[in-house]
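Please read all numbers here as calculations on a predicted model, not as lab measurements. One-based numbering, in listed order, for ligands and for the atoms of each.
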Amino acid sequence: MMNFCSIDDVADPIGWIGKAIELQKKIENGGPLDKSGKSICLLFFNPSLRTRLSMQKAAFNLGIESFVFNLSSEGWQLEFEDGVVMNGSKSEHIVEAAGVISSYFDAVGIRSFASLSDKANDYAEQVLSQFVKHCSIPVVNMESATLHPLQSFADMITIEEYKKVSKPKVVLTWAPHPKALPQAVANSFLQWGNQMDYDLVVTHPQGYDLDPSMVGEAKVEYDQKKAFEGADFIYAKNWSAFQDANYGQVVSQDMNWTVNQEKMNLTNDAKFMHCLPIRRNVIATDEVLDSDSSIIMPQAKHRITSAQMVLKEVLEIK
Ligand SMILES: NCCC[C@H](NC(=O)CCC(=O)O)C(=O)O
Ligand SMILES: NC(=O)OP(=O)(O)O
């Protein structure tokens, strides 16, 4: 066994340099791996279970090597502003970080939630757009400040699989939560839902109106019970306030908005959906989550489907 702690550990340093130059040629010609030779970097500024594991499983299914990097706990603190004098706490600029990642991998996935304090930066997608600007490889959104398209794509696949009518009534309902959460999942669900042949409704208490450009043609209904009538799909999600005056704040924790069986009985035998993780008996009751109407497990399983499709497309895998 050998260590590699200093040059003292290398018997033939000059020979190693020759060998390393040969290896570099192999790496440039598609890598020494006998699989697709493709690799992705999955960068996380925030926690994840489904996104991380479904991306890794999808990569595995495609013969792609995935490298997970929990940047906020393990990496250098990144500077995203241009032209700053970097004499504070931030050690590395996005320009170099993105450049290095681009030179190592074939694609990069980024998870970076909203700050919920700076609406302008969040809705300008400061972090994601800086990666897109400075990376020379495809960037995959693994939930950004305002959008979660891998989730919404999986949601649409799930609705397609379970719908019993050609134009289902799909209801996105706000539900209470103890913490301030981003609007990304709701925004993205509405963006994708607007592209489908759905009777699309969004219901929430006053004060939780979403960005009108995300709501699009969806009907806004402030009476949750009315919204549930005749629904084929109930999609529950919490989000914090979008309005300027109280952006990112919890303006209501009204437990009357929890999805329960009594409300599900108002629907057209609707299927219940949620992106997970879910707070049981806050967002929805155990009774709903453990009922036959709940399709949260197949929905989560389709995260692999959506991830695999996206990786195939961005990496042009035939
Ligand atoms: N990726 C799916 C949802 C992620 C995030 N939820 C959360 O942070 C929930 C955390 C909690 O329940 O403590 C959100 O709402 O955007
Ligand atoms: N739904 C979702 O994105 O789950 P994770 O946050 O666990 O990745």
Side-chain angles (χ1 to χ4, degrees), residues 40 42-59 66 68-73 109-117 119 122-123 125 127-128 140-159 172-192 202 204 208 210-211 214 235-242 247-251 253 255 257-259 272-286 289 294-311:
I40 52 167
L42 306 176
L43 269 183
F44 289 89
F45 290 89
N46 310 95
S48 170
L49 187 152
R50 279 140 292 272
T51 304
R52 172 176 170 168
L53 296 177
S54 63
M55 285 290 278
Q56 287 198 280
K57 187 64 194 291
S66 57
V68 171
F69 187 28
N70 292 311
L71 204 136
S72 47
S73 56
I110 314 284
R111 164 160 289 199
S112 177
F113 289 173
S115 67
L116 296 181
S117 55
K119 183 175 175 178
D122 287 348
Y123 273 76
E125 288 287 5
V127 174
L128 188 72
V140 175
N141 183 346
M142 300 199 300
E143 189 171 341
S144 64
T146 70
L147 296 170
H148 193 4
L150 279 170
Q151 179 65 53
S152 312
F153 183 25
D155 298 338
M156 303 299 125
I157 299 167
T158 312
I159 292 173
L172 169 65
T173 181
W174 181 92
H177 196 283
K179 280 168 48 181
L181 298 187
Q183 295 110 31
V185 171
N187 283 343
S188 216
F189 186 81
L190 290 169
Q191 267 195 346
W192 283 67
V202 55
H204 51 75
Y208 278 105
L210 290 161
D211 183 343
M214 305 288 180
Y235 194 103
K237 184 71 187 85
N238 172 268
W239 60 87
S240 58
F242 168 75
Y247 176 70
Q249 290 173 20
V250 176
V251 293
Q253 285 184 340
M255 292 293 280
W257 280 76
T258 300
V259 179
F272 176 84
M273 300 177 73
H274 188 277
C275 64
L276 308 181
I278 190 163
R279 302 279 188 133
R280 280 178 171 256
N281 303 308
V282 180
I283 296 274
T285 59
D286 284 341
L289 290 171
S294 171
I295 54 169
I296 54 176
M297 285 302 136
Q299 183 187 357
K301 201 166 176 189
H302 276 314
R303 290 298 306 275
I304 297 176
T305 323
S306 75
Q308 199 160 324
M309 178 78 196
V310 167
L311 287 179

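With hydrogens and angles disregarded, no donor-acceptor distance shorter than 3.5 Å links the side chain of E143 to the backbone of F113.
Two residues are said to be in side-chain contact when any heavy atoms from C-beta on lie closer than 4.5 Å; V250 and K179 fail this criterion. Between M214 and L147 there is a side-chain heavy-atom pair separated by less than 4.5 Å. C275 places a side-chain heavy atom less than 4.5 Å from the side chain of Y235.
Closest heavy-atom contact between N238 and H177: CG-CB, 3.3 Å. When all heavy atoms are compared, the tightest approach of S54 to A307 is O-CB, 3.9 Å.
Within the structure, ligand 1 has K237 among the residues with a heavy atom less than 4.0 angstrom away. For H274, the heavy-atom gap to ligand 1 stays at 4.0 angstrom or more. Using a 4.0 angstrom heavy-atom cutoff, L276 counts as in contact with ligand 1. Ligand 1 lies out of reach of Q151, whose nearest heavy atom is not under 4.0 Å from it.
Here the NE2-OG1 distance, from H274 to T173, works out to 10.5 Å after rounding to the nearest 0.5 Å.
With no hydrogens or angles considered, a side-chain donor-acceptor pair links Q151 and D155 at under 3.5 Å. D211 and Y123 share no donor-acceptor pair across their side chains, judged by distance under 3.5 Å alone. Using modelled atom types, one finds a donor on one side chain and an acceptor on the other under 3.5 Å when comparing S144 with N141.
Atom numbering of ligand 1 starts at 1 in the shown order; those under 4.0 Å from a heavy atom of K179 are 10 (C), 11 (C), 13 (O). Interface of H148 with ligand 1, defined as ligand atoms under 4.0 Å from a residue heavy atom, comprises 1 (N). The ligand atoms of ligand 1 that sit less than 4.0 angstrom from a heavy atom of P182 are 14 (C), 15 (O), 16 (O).
In terms of protein heavy-atom proximity, atom 11 (C) of ligand 1 is nearest to R279 NH2, 3.4 Å. Remark: minimum distance from atom 4 (C) of ligand 1 to any protein heavy atom is reached at E143 OE1, 3.5 Å. Protein heavy atom in closest approach to atom 8 (O) of ligand 1: L181 CD2, 3.7 Å.
The N/O atoms of N238, backbone and side chain alike, include none that comes under 3.5 Å of an N/O atom in ligand 1.
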One pair to check against side chain to side chain contact (heavy atoms under 4.5 Å, CB included): R111 and H148. What are the steps and the verdict? CA-CA 9 Å; R111 164 160 289 199; H148 193 4; 3.5 Å; yes
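Near ligand 2, residues S48, L49, R50, T51, R111, H148, Q151, C275, L276, R303 come within 4.0 angstrom through at least one heavy atom.
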